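The structure appears below as structure tokens.
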Amino acid sequence: MTFAHFSFDVDADGIALAVWNMAGRSMNVITPEVMGELSAIIEKVAADAAIKGCVIASGKETFSGGADLTMLEGLGGLYQQLKAKDGPDKAMQALFDESRRLTLLYRRLETCGKPFAAAINGVCLGGAFELALACHYRVGASDNDKARVGLPEVKIGLFPGAGGTTRVSRLMQPGDALQMLLKGDQLRMGQAQKMGLLQALAPRADLVVKAKEWIKAGGSAVAPWDVDGFRLPGGLVYSKGGMMVFPPANALYRRETYDNYPAARAILQTVYEGLQLPFDRALTVESRYFAHVLLSPEAGAMIRTLFVSMQDLGKGARRPAGVAPNTLKRVGVVGAGFMGAGIAYVSALAGLEVVLVDRDQAAADKGKAYSEKLVTGQIMKGRATTAERDALLARITATPDYAALAGVDLVIEAVFEDRAVKAEVVAKVEAVIGKETVFASNTSTLPISSLAENSSRPEQFIGVHFFSPVEKMMLVEVIRGAKTGDRAIAMALDYVRAIKKTPILVNDGRGFFANRCVLNYIREGHLMLAEGVPPAMIENVARAAGMPVGPLSLNDEVAIDLAWKILQATKKDLGAAAIDAGQEALLDKLLNQHGRQGRKNGKGFYDYPEKGQKSLWPGLADLQAVKLDPDTIDKTEMKQRFLVVQALEAARTVEDNIITDMREADVGSILGFGFAPYTGGALSYIDGMGTKAFVALCDKLAARHGPRFAANALLRDMAAKGETFYGRFKPETKRAA
Ligand code: NAD
């Protein structure tokens, strides 16, 4: 038998080997064609008496990343078409039938009467891991550090709907299964084996041999749940054990998600209901929930932003055409403080040589010591070896000598946020680097074009703005100054790609994109406090709106003195009317009267005891002139205020031509400051409710809370024309830079 995407051979022992190796793709993905071929393989194995069983392996470096998401998006489109034609019930039935084809295919594999084994050589995720779970035996690579298995669907608003949820909850204790499914973690092979998800490990070269041996030794073709007398690992749902799991799981789910994520809810429902049913009925329940989740606006928005757009941007969607790709080898980092030390670490981690410069040797060494601390932490967690630590540290040269920067591909400065200091650094760096070397500033507030005035080659000058903590935050904002050239943009984007983060390319302007939006969020928290809303309520409602941390917590992390400095700089540059007097008065009291700087001095909106948990500072109550009765406060409106104030600012950055590609505002808002991910990002939030409804909401909030909620002209125009951001500014539409 010959296939386009599999090779298929039967050895002398009668054991078949199907090697999945998709033509024309670097990764295997599940497509309708792959499903068709897999079905033919299963039927061949089932029908041919000479074949004892079958091993499924991969011909690529990884096993497979899972289903082709465009296929799932296509199903959403199918539903809409059928709904218009035949009504919602028939459309739903068709979607259900269509979306469960994979479930039925895997179930057929599991019950065809012949044993199947999966040889998992590398990353095996989502629908591909569901395939492996349907096999009767799974062996994973013991010698591939990058290999992972997992069901990460929940991260893009979906859940494992091809039997994965039903099988995982029968393979392990329901509490562990729920945790795995709800977190969407990717597991290392050893971990997966301990959890009972893999039966064995073997070096890559022996995987197929090991899998074949299992079949030869009479491996069973019956899944555990198809054996008479099968007992659930955690006992029945309606049992003492079950009661220890499900009610708390529901509470945890609410606490973690505030019920904002239909996919997470569906996981709980599927596991809870499924475990009370026979296996095939449970699969049907899983499929029903899957079809509904697939249609949810949350899944649509999350797939678009957190999968499609993120992948496109990561692969250089905004890279200027015609500039040859740069393979970076050495980078310079000037300023080995909080940010510089982190930038040096992520660069060295990605295999780049780093020259880390500070004012004296001690300061440079201190910056390098940060890498040592981080990599040691990784070793403790079993995620790095001592050899990797030594190699990483050997790649970082810490020195006060600017001359060491000669020959680097890119220099990133992260010195004090001070024009004079930055100007001095530009001059010193440019004296030693080549004419073609790109110079990037990590400034958070100073416009790139104005810093570039200190440069003798402004076309090589660019902003590369990291978020803290650098090693955790996945976004990098690349800022194009008025004179920045394409080469510098390409270099910056290639660098961000090399360190495996996601770049957004924005134009220059005060606060660029992310900080503009997030400062509004923090300010809204300040203003609510000044209005008399209880501080705990501010924090909790913000999280209920979908933000990962409350605005007061966030301000403590960023530092209250920094918020104060930014406010004062804005006042100086744009006048007193540009800032909010209530916010200024609050910060003045906190910082200047009480010396509360945030987490960094252990005193902010919260107290940070040496030991134990942080707690809201009781003194906040004394800063409130009025105190509102929590029962009289409209929580829905509070949520709207938090999200609208940020989304509106994102819309203004589009009008101001800071953001030119809508995908970047969405990806940037989620990765940069955690804008309610279930919305798909700040602009998808507006598109999701419709510009007209959004403008009406702005008008309502502006009437109650002031002009900071006034919709801008662009939004009004879009509302009048019934346009969306993605409709009006299509990614392929080039806008003037
Ligand atoms: P920091 O004070 O921790 O570090 C600055 C470092 O620069 C210090 O180690 C200092 O010794 C060094 N330095 C000062 N002058 C120097 C010179 N002439 N030559 C060499 N080194 C010199 O500051 P930070 O928080 O790391 O901020 C650095 C930059 O990053 C600033 O522009 C800031 O706006 C920006 N930034 C900060 C954050 C943040 O969260 N802290 C986030 C994004 C961007």
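Read the numbers this way: they start at 1 and go in the same order the structure lists the ligands and their atoms. All heavy atoms count here, side chains included; hydrogens, waters and symmetry mates do not. Everything numeric here is computed off the predicted structure, so don't read it as measured data.
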Per-residue contact class, [X] against ligand 1 - non-hydrogen pairs under 4.0 Å:
X	value
Phe467	neither
Ser444	both
Ala336	backbone
Lys428	neither

Would you mind listing which atoms of ligand 1 come within a distance below 4.0 Å of any non-hydrogen atom of [X]?
X	answer
Ala414	5 (C), 6 (C), 7 (O), 28 (C), 29 (C)
Ser468	40 (O)
Lys422	31 (C), 32 (O)
His465	43 (C), 44 (C)
Thr443	32 (O)
Asn442	30 (O), 35 (C), 36 (N), 44 (C)

In terms of side-chain geometry, is the basic nitrogen of [X] or [Y] positioned less than 4.0 Å from the acidic oxygen of its partner?
X	Y	result
Glu531	Arg641	yes
Asp312	Arg663	yes
Asp358	Lys366	no
Lys483	Asp508	no
Lys422	Glu413	yes

**OP:** Walk me through it: do Ser450 and Arg419 pass the test side chain to side chain donor-acceptor pair (under 3.5 Å)?
**Re:** CA-CA 9 Å; Ser450 68; Arg419 277 185 188 284; 3.0 Å; yes
Original post:
Nearest heavy-atom pair of Ala651 and Ile686: which atoms, and what distance?
Top reply: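 That would be CB-CD1, 4.2 Å.
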Closest by any non-hydrogen atom to [atom]: pick that one out of [options].
atom	options	value
atom 7 (O) of ligand 1	Leu451, Val357, Val415	Val415
atom 11 (O) of ligand 1	Leu356, Asp358, Val558	Asp358
atom 32 (O) of ligand 1	Lys600, Met339, Lys366, Glu417	Glu417

Give me the residue, atom name and distance of the protein heavy atom closest to [atom].
atom	value
atom 19 (N) of ligand 1	Tyr402 OH, 2.8 Å
atom 15 (N) of ligand 1	Val421 CG1, 3.5 Å
atom 43 (C) of ligand 1	Phe466 O, 3.2 Å
atom 18 (N) of ligand 1	Val425 CG2, 3.5 Å
atom 2 (O) of ligand 1	Phe416 CE2, 3.4 Å
atom 4 (O) of ligand 1	Gly337 CA, 3.3 Å

Subject >> Sub-4.0 Å heavy-atom contact, Glu413 with ligand 1 >> reply: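 Glu413: no contact with ligand 1 (<4.0 Å).
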Consider only side-chain N and O atoms of [X] and [Y], and report whether a donor and an acceptor are under 3.5 Å apart.
X	Y	result
Arg318	Thr660	yes
Arg516	Thr653	no
Glu417	Thr445	yes

Subject >> Nitrogen or oxygen of Phe338 less than 3.5 angstrom from that of ligand 1 >> reply: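 For ligand 1, there is an N or O atom that lies under 3.5 Å from one belonging to Phe338.
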Original post:
Does Arg359, backbone or side chain, put an N or O under 3.5 Å from an N or O of ligand 1?
Top reply: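 In this structure, Arg359 places an N or O atom under 3.5 Å from an N or O of ligand 1.
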**OP:** Classify the ring geometry between Phe675 and Phe673 as parallel (under 30°), tilted (30 to 60°) or perpendicular (over 60°).
**Re:**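 The arrangement is perpendicular - the two ring planes meet at more than 60°.
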Original post:
Can you find a heavy atom in the side chain of Ser468 that is under 4.5 Å from one in the side chain of Met339?
Top reply: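 They are in contact (side-chain heavy atoms under 4.5 Å apart), so the answer is yes.
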**OP:** Answer yes or no: is there a side-chain heavy-atom contact under 4.5 Å between Trp564 and Leu590?
**Re:**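 Sidechains of Leu590 and Trp564: no contact.
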